[in-house]
Amino acid sequence: MTLPRCWARPLRVLAFAVLCGGAGALVSAGEVDSVPACPPPAPAPDLSPAAVAAAADHGLLWRIEKDGRSSWLYGTMHLGRAEWVLPGPRVMRALTRSDTLALELDLRDPATVAVLSAPADPALRERLLTPERQRRLARQAALACLPEGALATVRPILQATTLAMLAARSSGLYGDFGSEVFFSAFAHARGKPVVALESAAAQLRMLAGESEAEEGELVDQALEELESGRAAALAGELADAWARSDWARLDSYTRWCECARTPAERRVLRRLLDERNPGLAEGIARLHASGQRVFGAVGALHMIGPKGLPALMAARGFRVTPVVPATGPVDAARR
């Protein structure tokens, strides 16, 4: 079987990205072998012509139309399994027909990487990382098989977030196989512009909360989720619903995630999702208005509810049509 021409170079770029990048690259094969309890490194995905031909659609996809042009909204998963790397035919068709890829962040942008990897203010780390928090974070880093001190200079909330992503390996989920890995590799390989809808600095402020006290509380909450095993389990539940394109399950996320039980938890969810959605929608609408056919790929949870992106784009005058799955998600735009 011969690969379609549009696939050949993107697959070579993708193979390099998933084998050499992402969270899995933090742990070498030797380190994993030396600690029997370590999660396995990310497996090599099947990028053969047969795998391309057999790839299935996952996630949530809408076509949005205005001014005689079509753009697309795609709900991504930032963690994934090797067998989900290659998009299915409907998602691939939309990506290929687009002029511009719009992501929350372009992790190939050196400026973005610099912000996210910059050492945190030592005084801030000292204030936030009490001996007890340091002990708990070190324990989780050891369970993740990270070299001692690997996260020592990173901002505390990013330490907790990184450890939560690594914990998902126990459910077979790896950052190496997140949706954006393929989309970014494909776009860069074909010379398609990649636009970041947010800045790394803004995302970091959003993650850290409104005060040092809140950042400390968020770190403690993340540690509780890690220590109980709930972090990995929740990631698995969410990812499997995404893989099935299970709109009903995703749309009811706040009712089963056990993450919206208190006013504080609901406030965090609003900041992580609802308060960011207008900016994401505006960025996609602005690119579309400039004459671009946009493939807007952001986290699937940004699509749910009356303040999700399908509803916001409909409010901006777009005709919103579900593509994957073909029924169900359109209701979000009509609420």
Side-chain angles (χ1 to χ4, degrees), residues 6-7 10 13-14 57-78 86-109 111-112 178-200 202-203 242 245 247 250 273-305 307-326 329-330 332-334:
C6 69
W7 279 90
V13 176
L14 175 63
D57 287 307
H58 301 293
L60 306 170
L61 178 67
W62 290 261
R63 183 172 60 254
I64 57 174
E65 300 166 277
K66 189 177 182 182
D67 301 329
R69 286 187 308 283
S70 292
S71 287
W72 293 268
L73 294 176
Y74 183 72
T76 68
M77 188 57 52
H78 302 322
L86 299 174
R90 289 174 290 181
V91 174
M92 191 64 201
R93 189 177 306 117
L95 178 64
T96 302
R97 291 177 177 176
S98 67
D99 303 308
T100 297
L101 172 64
L103 303 172
E104 294 171 44
L105 294 178
D106 179 8
L107 293 178
R108 286 171 169 254
D109 179 3
T112 294
S179 308
E180 293 84 357
V181 171
F182 177 88
F183 295 149
S184 181
F186 186 88
H188 282 284
R190 299 196 74 192
K192 192 187 296 285
V194 179
V195 175
L197 297 169
E198 297 180 315
S199 71
Q203 279 212 0
W242 173 88
S245 301
W247 168 253
L250 292 168
L273 299 175
D274 292 352
E275 293 177 10
R276 293 167 60 201
N277 288 348
L280 296 170
E282 179 58 30
I284 293 169
R286 185 167 54 248
L287 288 168
H288 183 93
S290 72
Q292 299 294 299
R293 296 172 299 171
V294 186
F295 189 89
V298 302
L301 292 180
H302 289 286
M303 304 297 172
I304 68 175
K307 296 181 180 179
L309 291 188
L312 294 182
M313 300 313 289
R316 284 167 169 75
F318 284 82
R319 179 183 178 187
V320 180
T321 305
V323 180
V324 179
V330 69
R334 292 175 176 166

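In this text the structure is predicted, and so the values were computed from the model without any measurement.
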Side chain to side chain contact (heavy atoms under 4.5 Å, CB included) with [X]: which residues, sequence neighbours excluded?
{"X": "Val194", "result": "Leu101, Leu103, Asp106, Ala187, His188"}
{"X": "Ser245", "result": "Val324, Pro325"}
{"X": "Leu301", "result": "Leu238, Tyr253, Leu273, Ile304"}
{"X": "Ala281", "result": "Leu309, Leu312, Met313, Arg316"}

Step-by-step side-chain contact (heavy atoms from CB on, under 4.5 Å) determination, Leu60 to Tyr74 | CA-CA 6 Å; Leu60 306 170; Tyr74 183 72; 5.9 Å; no

Contacts of Arg293 that satisfy side-chain hydrogen bond (donor to acceptor under 3.5 Å, both in side chains) - sequence neighbours left out |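 side-chain hydrogen bond (donor to acceptor under 3.5 Å, both in side chains) check on Arg293 returns Asp99.
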
Quick one: list whatever passes side-chain hydrogen bond (donor to acceptor under 3.5 Å, both in side chains) with Arg90, sequence neighbours left out.
->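 Per chain and number, Arg90 pairs via side-chain hydrogen bond (donor to acceptor under 3.5 Å, both in side chains) with Asp57.
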
Contact between [X] and [Y] at the side-chain level, heavy atoms closer than 4.5 Å - yes or no?
{"X": "Thr96", "Y": "Phe186", "value": "yes"}
{"X": "Phe318", "Y": "Glu65", "value": "no"}
{"X": "Glu275", "Y": "Lys307", "value": "no"}
{"X": "Ile284", "Y": "Leu73", "value": "yes"}
{"X": "Pro87", "Y": "Phe182", "value": "yes"}
{"X": "Leu107", "Y": "Glu180", "value": "no"}
{"X": "Trp72", "Y": "Leu61", "value": "yes"}
{"X": "Met303", "Y": "Trp62", "value": "yes"}

To the nearest 0.5 Å, what is the distance between [atom1] ([X]) and [atom2] ([Y])?
{"X": "Leu197", "Y": "Leu105", "atom1": "CG", "atom2": "CG", "result": "9.0 Å"}
{"X": "Leu86", "Y": "Met92", "atom1": "CG", "atom2": "CE", "result": "9.0 Å"}
{"X": "Ser71", "Y": "Lys66", "atom1": "OG", "atom2": "NZ", "result": "11.0 Å"}
{"X": "Ser98", "Y": "Arg190", "atom1": "OG", "atom2": "CZ", "result": "9.0 Å"}
{"X": "Phe183", "Y": "Lys192", "atom1": "CZ", "atom2": "NZ", "result": "11.5 Å"}

Give a yes or no on this: more than 12 heavy atoms of other residues, nucleotides or ligands lie within 6.0 Å of atom CZ of Arg319.
->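 Counting neighbours around CZ of Arg319, 12 or fewer heavy atoms of other residues, nucleotides or ligands fall under 6.0 Å, so no.
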
Looking at [X] and [Y], would you say the former's side chain and the latter's main chain have a donor-acceptor pair under 3.5 Å?
{"X": "Ser184", "Y": "Val181", "answer": "no"}
{"X": "Ser179", "Y": "Met77", "answer": "yes"}
{"X": "Glu104", "Y": "Gly299", "answer": "yes"}
{"X": "Asp109", "Y": "Ala111", "answer": "yes"}

Between Gly305 and Ala311, which heavy-atom pair has the shortest distance, and what is it?
->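 Answer, listing the atom of Gly305 first, then Ala311: O-CB, 4.3 Å.
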
Identify the two heavy atoms, one from Asn277 and one from Gly308, that lie closest to each other, and give their separation to 0.1 Å.
->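 Scanning both residues completely, I find the closest heavy atoms to be ND2-CA, 3.8 Å.
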
Can you list the steps and then say if Arg286 with Glu282 is a salt bridge (charged side-chain N to carboxylate O under 4.0 Å, His left out)?
-> CA-CA 6 Å; Arg286 185 167 54 248; Glu282 179 58 30; 3.7 Å; yes

